[in-house]
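When reading the values below, keep in mind they use all heavy atoms of this one structure, side chains included, and skip hydrogens, waters and symmetry mates. Letters A, B, ... are given to chains in the order of the sequence lines, protein chains preceding strands, and every chain is numbered from 1.
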Number of protein chains: 2
Amino acid sequence: MVERLDTTFHALADRTRRGMLATLAAGEKSIGELAEPHAMTFAGASKHVKVLERAGLVERRRVGRSQLCRLRAAPLHEADQWLRKWERFWNTHLDALEALIEADKGGE
Amino acid sequence: MVERLDTTFHALADRTRRGMLATLAAGEKSIGELAEPHAMTFAGASKHVKVLERAGLVERRRVGRSQLCRLRAAPLHEADQWLRKWERFWNTHLDALEALIEADKGGE
DNA sequence: CACACATTCAACCAGTTGGTTGACAATCCG
DNA sequence: CGGATTGTCAACCAACTGGTTGAATGTGTG
(Lines give C-alpha, C1' and ligand atoms only; values in the text may rest on other atoms or scores of the structure.)
Protein backbone atom coordinates (compact mmCIF):
# COMPACT_ATOMS: atom_id res chain seq x y z
CA MET A 1 0.00 0.00 0.00
CA VAL A 2 2.93 2.31 0.69
CA GLU A 3 4.63 1.29 -2.54
CA ARG A 4 1.30 1.78 -4.25
CA LEU A 5 1.37 5.44 -3.27
CA ASP A 6 4.94 5.70 -4.58
CA THR A 7 4.02 4.34 -7.99
CA THR A 8 0.74 6.24 -8.20
CA PHE A 9 2.23 9.61 -7.33
CA HIS A 10 5.19 8.93 -9.58
CA ALA A 11 2.90 8.08 -12.47
CA LEU A 12 1.03 11.33 -11.93
CA ALA A 13 4.19 13.43 -11.64
CA ASP A 14 4.56 13.66 -15.41
CA ARG A 15 2.68 16.00 -17.68
CA THR A 16 2.68 13.58 -20.61
CA ARG A 17 1.17 10.80 -18.54
CA ARG A 18 -1.46 13.08 -17.06
CA GLY A 19 -2.29 14.06 -20.63
CA MET A 20 -2.67 10.41 -21.57
CA LEU A 21 -5.03 9.87 -18.67
CA ALA A 22 -7.06 12.82 -19.87
CA THR A 23 -7.18 11.33 -23.36
CA LEU A 24 -8.24 8.00 -21.94
CA ALA A 25 -11.04 9.66 -20.04
CA ALA A 26 -12.75 10.10 -23.41
CA GLY A 27 -12.73 6.34 -23.92
CA GLU A 28 -10.40 3.48 -24.80
CA LYS A 29 -7.40 4.37 -26.96
CA SER A 30 -4.62 2.49 -28.69
CA ILE A 31 -0.95 3.20 -28.00
CA GLY A 32 -0.71 5.05 -31.28
CA GLU A 33 -3.63 7.28 -30.43
CA LEU A 34 -2.04 8.03 -27.09
CA ALA A 35 1.31 8.81 -28.69
CA GLU A 36 0.07 11.16 -31.37
CA PRO A 37 -0.91 14.30 -29.40
CA HIS A 38 2.51 14.24 -27.72
CA ALA A 39 4.54 13.94 -30.92
CA MET A 40 6.23 10.84 -29.62
CA THR A 41 7.29 7.47 -31.00
CA PHE A 42 5.26 4.35 -30.33
CA ALA A 43 8.04 3.01 -28.16
CA GLY A 44 8.07 6.15 -26.04
CA ALA A 45 4.33 6.05 -25.55
CA SER A 46 4.54 2.35 -24.79
CA LYS A 47 6.91 3.09 -21.92
CA HIS A 48 4.61 5.69 -20.45
CA VAL A 49 1.67 3.32 -20.65
CA LYS A 50 3.75 0.73 -18.86
CA VAL A 51 4.33 3.18 -16.01
CA LEU A 52 0.62 3.88 -15.80
CA GLU A 53 -0.08 0.18 -15.90
CA ARG A 54 2.39 -0.57 -13.11
CA ALA A 55 0.55 2.03 -11.04
CA GLY A 56 -2.70 0.21 -11.78
CA LEU A 57 -4.13 3.28 -13.49
CA VAL A 58 -4.51 1.62 -16.88
CA GLU A 59 -5.50 -1.79 -18.15
CA ARG A 60 -4.93 -3.18 -21.62
CA ARG A 61 -6.41 -5.76 -23.87
CA ARG A 62 -5.48 -6.84 -27.33
CA VAL A 63 -7.95 -6.10 -30.09
CA GLY A 64 -6.71 -7.22 -33.47
CA ARG A 65 -3.25 -5.81 -33.83
CA SER A 66 -3.95 -2.88 -31.51
CA GLN A 67 -3.56 -2.66 -27.76
CA LEU A 68 -6.54 -0.86 -26.29
CA CYS A 69 -5.96 0.95 -23.00
CA ARG A 70 -8.64 1.83 -20.51
CA LEU A 71 -8.65 3.67 -17.21
CA ARG A 72 -8.76 2.21 -13.74
CA ALA A 73 -9.66 4.81 -11.15
CA ALA A 74 -9.01 2.81 -7.97
CA PRO A 75 -5.41 3.95 -7.31
CA LEU A 76 -6.51 7.54 -7.82
CA HIS A 77 -8.93 7.00 -5.02
CA GLU A 78 -6.19 5.75 -2.70
CA ALA A 79 -3.97 8.71 -3.49
CA ASP A 80 -6.87 11.05 -3.00
CA GLN A 81 -7.68 9.51 0.37
CA TRP A 82 -4.09 10.01 1.47
CA LEU A 83 -4.07 13.62 0.35
CA ARG A 84 -7.39 14.39 1.96
CA LYS A 85 -6.35 12.84 5.24
CA TRP A 86 -3.32 15.12 5.46
CA GLU A 87 -5.08 18.13 4.11
CA ARG A 88 -7.79 17.81 6.72
CA PHE A 89 -5.24 17.36 9.48
CA TRP A 90 -3.14 20.28 8.40
CA ASN A 91 -6.00 22.64 7.89
CA THR A 92 -7.16 21.87 11.41
CA HIS A 93 -3.80 22.06 13.14
CA LEU A 94 -1.91 24.60 11.12
CA ASP A 95 -3.83 27.66 12.22
CA ALA A 96 -2.85 27.37 15.85
CA LEU A 97 0.71 26.47 14.89
CA GLU A 98 0.95 29.42 12.58
CA ALA A 99 -0.23 31.84 15.24
CA LEU A 100 2.43 30.52 17.60
CA ILE A 101 5.15 30.92 15.03
CA GLU A 102 4.14 34.40 14.00
CA ALA A 103 4.03 35.49 17.63
CA ASP A 104 7.49 34.04 18.18
CA LYS A 105 8.92 35.51 15.00
CA GLY A 106 7.54 38.99 15.37
CA GLY A 107 6.09 39.56 11.90
CA GLU A 108 7.21 38.41 8.47
CA MET B 1 0.27 25.53 -12.43
CA VAL B 2 1.02 22.47 -14.55
CA GLU B 3 4.61 22.42 -13.39
CA ARG B 4 3.33 22.87 -9.88
CA LEU B 5 1.51 19.56 -10.19
CA ASP B 6 4.68 17.95 -11.50
CA THR B 7 6.75 19.06 -8.54
CA THR B 8 4.03 18.37 -5.99
CA PHE B 9 3.33 14.84 -7.17
CA HIS B 10 7.02 14.20 -7.53
CA ALA B 11 7.65 15.38 -3.98
CA LEU B 12 4.95 13.03 -2.72
CA ALA B 13 6.20 10.06 -4.73
CA ASP B 14 8.82 9.20 -2.14
CA ARG B 15 8.23 7.34 1.08
CA THR B 16 10.96 9.22 2.95
CA ARG B 17 9.52 12.59 2.03
CA ARG B 18 6.00 11.55 2.94
CA GLY B 19 7.45 10.43 6.27
CA MET B 20 9.03 13.84 6.74
CA LEU B 21 5.72 15.54 6.05
CA ALA B 22 4.12 13.30 8.65
CA THR B 23 6.83 14.27 11.15
CA LEU B 24 6.32 17.92 10.34
CA ALA B 25 2.61 17.56 10.97
CA ALA B 26 3.50 17.29 14.66
CA GLY B 27 5.13 20.74 14.54
CA GLU B 28 8.25 22.48 13.32
CA LYS B 29 11.39 20.36 13.10
CA SER B 30 15.06 20.93 12.33
CA ILE B 31 16.86 19.14 9.51
CA GLY B 32 18.54 16.87 12.05
CA GLU B 33 15.23 15.90 13.58
CA LEU B 34 13.87 15.11 10.13
CA ALA B 35 16.93 13.05 9.25
CA GLU B 36 17.05 10.93 12.38
CA PRO B 37 14.04 8.58 11.94
CA HIS B 38 15.28 7.73 8.45
CA ALA B 39 18.87 6.92 9.48
CA MET B 40 20.18 9.42 7.00
CA THR B 41 22.95 12.02 6.89
CA PHE B 42 22.23 15.71 7.30
CA ALA B 43 23.12 16.27 3.67
CA GLY B 44 20.66 13.62 2.50
CA ALA B 45 17.85 15.05 4.57
CA SER B 46 18.76 18.53 3.40
CA LYS B 47 18.24 17.42 -0.20
CA HIS B 48 14.83 15.97 0.56
CA VAL B 49 13.79 19.13 2.33
CA LYS B 50 14.90 21.08 -0.71
CA VAL B 51 12.60 18.99 -2.89
CA LEU B 52 9.70 19.61 -0.53
CA GLU B 53 10.56 23.29 -0.49
CA ARG B 54 10.66 23.54 -4.27
CA ALA B 55 7.19 21.99 -4.30
CA GLY B 56 6.10 24.68 -1.85
CA LEU B 57 5.19 22.08 0.76
CA VAL B 58 7.72 23.29 3.31
CA GLU B 59 9.05 26.64 4.47
CA ARG B 60 12.17 27.25 6.53
CA ARG B 61 13.53 29.86 8.85
CA ARG B 62 16.82 30.06 10.67
CA VAL B 63 16.72 29.83 14.45
CA GLY B 64 20.15 29.93 16.00
CA ARG B 65 22.20 27.33 14.16
CA SER B 66 19.14 25.25 13.30
CA GLN B 67 16.90 25.44 10.27
CA LEU B 68 13.32 25.02 11.36
CA CYS B 69 10.95 23.58 8.76
CA ARG B 70 7.21 23.97 8.76
CA LEU B 71 4.43 22.71 6.54
CA ARG B 72 2.59 24.58 3.82
CA ALA B 73 -0.61 22.81 2.82
CA ALA B 74 -1.55 24.87 -0.23
CA PRO B 75 0.06 22.69 -2.94
CA LEU B 76 -1.57 19.65 -1.38
CA HIS B 77 -4.85 21.33 -1.95
CA GLU B 78 -4.08 21.89 -5.64
CA ALA B 79 -3.06 18.27 -6.11
CA ASP B 80 -6.16 17.13 -4.29
CA GLN B 81 -8.37 19.29 -6.49
CA TRP B 82 -6.83 17.75 -9.57
CA LEU B 83 -7.30 14.23 -8.27
CA ARG B 84 -10.86 14.85 -7.21
CA LYS B 85 -11.76 16.37 -10.54
CA TRP B 86 -10.64 13.26 -12.37
CA GLU B 87 -11.96 10.85 -9.83
CA ARG B 88 -15.39 12.40 -10.06
CA PHE B 89 -15.30 12.34 -13.84
CA TRP B 90 -14.14 8.77 -14.04
CA ASN B 91 -16.54 7.45 -11.49
CA THR B 92 -19.36 9.01 -13.47
CA HIS B 93 -18.27 7.95 -16.91
CA LEU B 94 -16.52 4.68 -16.29
CA ASP B 95 -19.58 2.62 -15.43
CA ALA B 96 -21.18 2.96 -18.84
CA LEU B 97 -17.85 2.46 -20.55
CA GLU B 98 -17.17 -0.64 -18.53
CA ALA B 99 -20.49 -2.19 -19.42
CA LEU B 100 -19.78 -1.61 -23.09
CA ILE B 101 -16.39 -3.22 -22.85
CA GLU B 102 -17.57 -6.23 -20.90
CA ALA B 103 -20.33 -6.82 -23.40
CA ASP B 104 -17.85 -6.60 -26.23
CA LYS B 105 -15.29 -8.80 -24.53
CA GLY B 106 -17.62 -11.54 -23.40
CA GLY B 107 -16.66 -11.88 -19.74
CA GLU B 108 -13.32 -11.58 -17.99
C1' DC C 1 2.16 -16.51 -49.14
C1' DA C 2 3.94 -11.61 -48.85
C1' DC C 3 3.30 -7.33 -47.03
C1' DA C 4 1.78 -3.51 -44.22
C1' DC C 5 0.44 -2.27 -39.55
C1' DA C 6 0.73 -1.72 -34.45
C1' DT C 7 3.54 -2.54 -31.13
C1' DT C 8 7.40 -4.37 -28.32
C1' DC C 9 12.19 -5.16 -27.17
C1' DA C 10 17.01 -4.11 -26.54
C1' DA C 11 20.39 -0.90 -26.74
C1' DC C 12 21.81 3.48 -26.13
C1' DC C 13 21.92 8.55 -24.50
C1' DA C 14 21.84 12.65 -21.54
C1' DG C 15 19.85 14.18 -17.41
C1' DT C 16 17.89 13.40 -12.70
C1' DT C 17 17.43 10.93 -8.25
C1' DG C 18 18.62 9.30 -3.77
C1' DG C 19 22.27 8.63 -1.34
C1' DT C 20 27.15 9.09 0.41
C1' DT C 21 31.55 11.48 1.80
C1' DG C 22 34.62 15.35 3.02
C1' DA C 23 35.53 20.24 3.22
C1' DC C 24 33.64 24.51 4.57
C1' DA C 25 30.56 28.02 7.12
C1' DA C 26 27.73 29.79 10.80
C1' DT C 27 26.40 29.75 15.45
C1' DC C 28 26.44 28.82 20.33
C1' DC C 29 29.05 27.54 24.64
C1' DG C 30 32.80 27.63 28.01
C1' DC D 1 39.74 32.38 21.74
C1' DG D 2 38.76 27.02 20.81
C1' DG D 3 35.55 23.51 20.21
C1' DA D 4 31.20 21.34 19.46
C1' DT D 5 26.68 21.66 16.89
C1' DT D 6 24.06 22.20 12.77
C1' DG D 7 23.99 22.50 8.82
C1' DT D 8 25.40 23.57 3.33
C1' DC D 9 28.10 22.77 -0.82
C1' DA D 10 30.51 20.15 -4.28
C1' DA D 11 31.86 15.94 -5.95
C1' DC D 12 30.91 11.46 -6.73
C1' DC D 13 28.17 6.94 -7.32
C1' DA D 14 24.74 3.55 -8.91
C1' DA D 15 20.19 3.40 -10.42
C1' DC D 16 16.42 5.21 -12.85
C1' DT D 17 13.89 8.54 -16.35
C1' DG D 18 12.31 10.06 -20.59
C1' DG D 19 13.44 9.80 -24.89
C1' DT D 20 15.40 7.94 -29.29
C1' DT D 21 16.63 4.35 -32.85
C1' DG D 22 16.51 -0.15 -35.30
C1' DA D 23 15.47 -4.84 -35.31
C1' DA D 24 12.02 -8.22 -34.07
C1' DT D 25 7.08 -9.96 -33.19
C1' DG D 26 2.24 -10.72 -33.92
C1' DT D 27 -1.73 -9.82 -36.65
C1' DG D 28 -4.96 -8.47 -40.40
C1' DT D 29 -5.17 -7.92 -45.64
C1' DG D 30 -4.66 -8.84 -50.63
Separation of dG7(D) P from E36(B) CD (nearest whole Å):
13 Å

Sequence-distant partners of E33(B), side chain to side chain donor-acceptor pair (under 3.5 Å), two or more places apart:
S30(B)

Between P on dT17(D) and CZ on F9(B), what's the gap in Å once rounded to a whole number?
18 Å

Between A25(A) and W86(B) the two heavy atoms that sit nearest each other are CB-CZ3, 3.6 Å

What residues form a salt bridge (charged side-chain N to carboxylate O under 4.0 Å, His left out) with R18(A), not counting sequence neighbours?
D6(B)

Report the distance from atom OG1 of T16(A) to atom CG of L21(A), rounding to the nearest 0.5 Å.
11.0 Å

What residue among L12(A), D80(A), L83(A) forms side chain to side chain contact (heavy atoms under 4.5 Å, CB included) with W82(B)?
L12(A)

Assert: residue with more 5' nearest nucleotide on DNA chain D, out of S30(B) and A13(A), is S30(B)

d(I31(A) CD1, C69(A) SG) to nearest 0.5 Å is 4.0 Å

With heavy atoms under 4.0 Å as the rule, sort H10(B) into base, sugar-phosphate or nothing.
sugar-phosphate

Using a heavy-atom cut-off of 4.0 Å across all strands, would you classify R15(B) as base, sugar-phosphate, or nothing?
nothing

Could you tell me which non-hydrogen atom of G32(A) sits nearest to which non-hydrogen atom of F42(A), and how far apart they are?
CA-CE2, 3.7 Å

Output one line per pair: protein atom, nucleotide atom from nucleotides 1-5 of chain D, and distance, for all N/O pairs under 3.5 Å.
residue : atom : partner : partner atom : Å
dT5(D)  : O4'  : R65(B)  : NH1          : 3.0
dT5(D)  : O2   : R65(B)  : NH1          : 3.2

First of G64(A) and M40(A) reached from the 5' end of DNA chain D, by closest nucleotide:
M40(A)

Assess whether atom CD of E36(B) is packed by more than 12 heavy atoms of other residues, nucleotides or ligands within 6.0 Å.
no

Nearest atoms (heavy-atom pairs only) where M40(B) meets A45(B)
SD-N, 3.5 Å

How close do L52(B) and A11(B) get, heavy atom to heavy atom, and via which atoms?
CD2-CB, 4.2 Å

Numerically ordered, the residues 41-53 of chain A set in heavy-atom contact under 4.0 Å with DNA chain C is F42(A), A43(A), S46(A), K47(A), K50(A)

Distance under 4.0 Å to a non-hydrogen atom of chain B counts as contact; along DNA chain C, which nucleotides mark the start and end?
dT17(C) to dC28(C)

What integer distance in Å separates R61(B):CZ from dT6(D):P?
17 Å

How many Å lie between CG on L34(B) and C1' on dT6(D), as a whole number?
13 Å

By the side chain to side chain donor-acceptor pair (under 3.5 Å) test, which pairs, at least two apart or in different chains, include something from residues 39-51 of chain A?
R17(A)-H48(A)

